[in-house]
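Here is the naming used below: chain letters follow the sequence lines, and residue numbers restart at 1 for every chain.
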Protein chains: 2
Amino acid sequence: MKAIYGGIYRDLRDKVVSGDFPFQSLLPSEANLVREYGCSHNTLRKALGLLTDQGYVHPIQGKGVRVIYQPQDKALFSLGGIETFKETAERNHLKATTVVETFERIHADERVSAKTGFAKGTRLWHVERVRLLDGKALILDRNYFSIDLVPDLTEEDVARSAYEYIEGTLGMRIATSKRTVTVERTTKEDERLLDADDFDFLAVVSGQTFNGDGLMFEYTQSRHRPDYFTFHTTAIRGR
Amino acid sequence: MKAIYGGIYRDLRDKVVSGDFPFQSLLPSEANLVREYGCSHNTLRKALGLLTDQGYVHPIQGKGVRVIYQPQDKALFSLGGIETFKETAERNHLKATTVVETFERIHADERVSAKTGFAKGTRLWHVERVRLLDGKALILDRNYFSIDLVPDLTEEDVARSAYEYIEGTLGMRIATSKRTVTVERTTKEDERLLDADDFDFLAVVSGQTFNGDGLMFEYTQSRHRPDYFTFHTTAIRGR
DNA sequence: GCCGATTTGTCCGTATGTATC
DNA sequence: CGATACATACGGACAAATCGG
């Protein structure tokens, strides 16, 4: 991103994270920041809007912009944004392996359509993968990819990283995603595929992913052993 | 909110939700919408930005703004935004009751400080409440409120709705919140206070809430029986 | 493959409203 | 009440991506 507001956003964010602007303190005023960065009012406000959305600061009319970021916000195993399995593993210095259990073409029937949101009859790749961290089978990933949008997916691609293929080779940008977190009882198949130990419940993250054209290209369900699971998010009331 | 962009946002949102603008279709162009609403380019863009952030639409440069909302997105028991227990119960037509188990003043010691993010020594209200839906004890809420920011909290207030007191009587606006979702084993106390049945795991939502001045005034931990729990969120990559 | 029309994205300058102190 | 700070809105300009001829 070479946009001006993006640069200002990153600069301010770094100063917040580094403690340059401490927790609960006020940022310099918009007017001062405009002078400092030599940009327009609107551009600076766009950067501040990003900082607000990401949970770093909170603006108070007539008063200032308060820092609400704390160092402990750095999560060990965050899933709030859109992060791939590989990215997560690398960030936590864990050795990640993937085993492909299922890789097949299907057509969305009534049941699949209702679950995934794909129209009935859509041609889909159905993929099931077990994710191992340091040798332990902790996550079961079920995916449905639109064949129209992700035509030449191979078993090798999904074994490495489906997103790497989609974003890299295919050049498709991944954009918005919607996710739902629930807690579900371990099924027979979970027990068969995962090192469930005595965990009889799993954290389940499911949802849809949209590409740069706003078209839904993936439904995903990710079943996690509870002891390795955390989900982060920040919300803003109103807006 | 009497702002122009807010009205446009709500109007467009309603048309999306009602299916007036169907899933995966393109919105009228910005130029057309500007004409229709008789507002400026920037104002309309602000409304579109809100729709994007809330997961209703996705803009594609040079092409249009695509609708990515589906009716099934209406969640039964959503917790993605900042919603109070009462609001949630009412939306689902459930009879909600609250039992106050603990209501006391404490000072944040090392342990509490590390857990909540309040500075050590901060004076806090410590509140524990059991939430019943249709007579079943399903949720255990633990809260720490800053006494400095919420001075005259009473046991009656928390029995009804702490937020109603804070927002209503105190006139304090609730703004940003950060939440973390984990899955934890049921403790002895959980079993004592909740109708846990044979659920030996709970969905746990914890986090901090900031008021309109950007000051942290609450740490909350909410322990839910899995069968009554869903957490929603939408994320945008980059930005 | 290029060009022009369309559409969204970024940026600027300015003016006015509203809340805080 | 005035000064300060954020919030909203307008209008204009150009950049970048998409699409069709």
Check the distance between [N]'s [atom2] and [X]'s [atom1] and give it to me in whole angstrom.
X        : N       : atom1 : atom2 : result
Leu51(A) : dC6(D)  : CG    : P     : 13 Å
Leu48(B) : dG9(C)  : CG    : P     : 8 Å
Leu44(B) : dT8(D)  : CG    : P     : 15 Å
Ile8(B)  : dT8(D)  : CD1   : C1'   : 12 Å
Asn42(B) : dG12(D) : CG    : C1'   : 10 Å
Leu27(B) : dG9(C)  : CG    : P     : 12 Å
Arg66(B) : dA17(D) : CZ    : P     : 18 Å
Leu26(B) : dT18(D) : CG    : P     : 13 Å

Subject >> Modelled atom types, side-chain donor and acceptor of Asn42(A) and Arg45(A), under 3.5 Å >> reply: no
Subject >> Under-3.5 Å donor-acceptor pair between Gln61(A) side chain and dT18(C) base >> reply: yes
[N] phosphate, OP1 or OP2, under 4.0 Å from [X] side-chain N/O:
X        : N       : result
Arg45(A) : dA7(D)  : yes
Lys63(B) : dC19(D) : yes
Thr43(B) : dC10(D) : yes
Ser40(A) : dC12(C) : yes
Tyr5(B)  : dA9(D)  : no
Lys46(A) : dT10(C) : yes

Subject >> Pairwise 5' ranking along DNA chain C for Asn32(B) and Gly62(A), keeping only the more 5' one >> reply: Asn32(B)
Report the nucleotide, chosen from [options], that has the shortest atom-to-atom distance to any side-chain atom of [X].
X        : options                  : answer
Glu30(B) : dC6(D), dG9(C), dC11(C)  : dG9(C)
Ile4(A)  : dT7(C), dC10(D), dC12(C) : dC12(C)
Cys39(B) : dT8(D), dG9(C), dC10(D)  : dC10(D)

Original post:
Above 12 or not: heavy atoms from other molecules or residues under 6.0 Å from CD of Glu104(B)?
Top reply: yes
Original post:
Is the shortest distance from a Lys or Arg side-chain nitrogen in Asp11(A) or Lys15(A) to a carboxylate oxygen in the other one below 4.0 Å?
Top reply: yes
Original post:
Under 30°, 30 to 60°, or over 60°: which ring-plane class applies to Trp125(A) and Phe103(A), parallel, tilted or perpendicular?
Top reply: parallel
Original post:
Parallel, tilted or perpendicular: which describes the rings of Tyr144(B) and Tyr219(B), with under 30° parallel and over 60° perpendicular?
Top reply: tilted
**OP:** Please give the nucleotide sitting opposite dC1(D) as a Watson-Crick or G-U wobble pair, both distances under 3.5 Å, or none.
**Re:** none
